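First the structure, in the form of structure tokens, and then the observations on it.
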Amino acid sequence: KQEVTQIPAALSVPEGENLVLNCSFTDSAIYNLQWFRQDPGKGLTSLLLIQSSQREQTSGRLNASLDKSSGRSTLYIAASQPGDSATYLCAVRPSGFNKFYFGSGTKLNVKP
Amino acid sequence: GAGVSQSPSNKVTEKGKDVELRCDPISGHTALYWYRQSLGQGLEFLIYFQGNSAPDKSGLPSDRFSAERTGGSVSTLTIQRTQQEDSAVYLCASSSPTGLGANVLTFGAGSRLTVL
């Protein structure tokens, strides 16, 4: 069974800082990996999807990388803003499976 | 529709009652997922539908839980004889295997279930 771990569980940074969120998974045979954000009381919003053949994806101030061999993905957020405050979740879809395995998330607080 | 729609947004019920939660996926999305998010917990997979294929029910926690998807579109998750441990937010997501945004999961806002 794929296990997904996110460290740290919570992070507080001042506005403007660049930051990295970490996601690790136990089985490197993955189909793809997605990063989501979840605002309090809301559903999940997809941020980036990385296919197994890709090394990184970028969207605006966000950059996600994937290293299958080491079972790791990172989400880099540049020039953080208070509006980035949310819980960030990564989800892994193993090869040959339809379900996604989610980490417990990193709760980010960006202070003005 | 423009997004994944779930109803009701909130449901409070008494222990032992049956509840139905509805999910209307994005038009054309053939894959539909149900997940459960309990307070302070991660997302727990419940069930997956893909087109007309047999659903993957491997995540359903007990036989009190069932789900169907009619006409390859709307899905209903039914919980019979609800228990307090069923209290959670039930999230539905859909995706398409092709086109722009292929395989990207789009989630609804969720149905918050409280069992008293």
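So that the names make sense, note that chain A is the first sequence line, chain B the second, and so on, each numbered from 1. Quantities reported herein were computed from a predicted structural model and do not represent experimental measurements. Computed over heavy atoms, backbone and side chain alike; hydrogens, waters and symmetry mates excluded.
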Atom CD of residue position B:E14 - does it have more than 12 heavy atoms of other residues, nucleotides or ligands inside 6.0 Å? no
Show the numbers, then the answer: is there a side-chain contact (heavy atoms from CB on, under 4.5 Å) between A:R93 and B:N103? CA-CA 10 Å; A:R93 178 178 169 181; B:N103 298 310; 3.7 Å; yes
Check A:F36 against B:L105 and note the closest heavy-atom contact, atom names and distance. CE2-O, 3.6 Å
Suppose a student defines contact as a heavy atom less than 4.5 Å from any heavy atom of chain B. Which residues in residues 77-88 of chain A would they list? none
Within residues 6-33 of chain A, which residues come under 4.5 Å of chain B, heavy atom to heavy atom? A:Y31, A:N32
Hey, could you give me the OG/CZ distance between B:S58 and A:F97, rounded to the nearest 0.5 Å? 9.0 Å
Does any non-hydrogen side-chain atom of A:F102 lie less than 4.5 Å from one of B:F45? no
Do other residues, nucleotides or ligands put more than 12 heavy atoms under 6.0 Å from the CZ atom of B:F65? yes
Could you please state which residues from residues 42-72 of chain A sit under 4.5 angstrom from chain B, measuring non-hydrogen atom to non-hydrogen atom, sorted by number, or 'none'? A:K42, A:G43, A:L44, A:S46, A:L49, A:Q51
Is there a path of hydrophobic side-chain contacts, each under 4.5 Å between heavy atoms of I/L/V/M/F/W/Y residues, joining B:F49 to B:L77? yes
In terms of heavy-atom proximity below 4.5 Å to chain A, should B:L91 be classed as side chain, backbone, both, or neither? side chain
Contact residues of residues 29-39 of chain B (partner chain A; heavy-atom separation under 4.5 angstrom): B:Y33, B:Y35, B:Q37
For A:K99 and B:Y48, run side-chain contact (heavy atoms from CB on, under 4.5 Å): C-alpha distance rounded to whole Å, both residues' side-chain angles, the deciding distance at 0.1 Å, then the answer. CA-CA 7 Å; A:K99 67 184 74 171; B:Y48 163 81; 5.9 Å; no
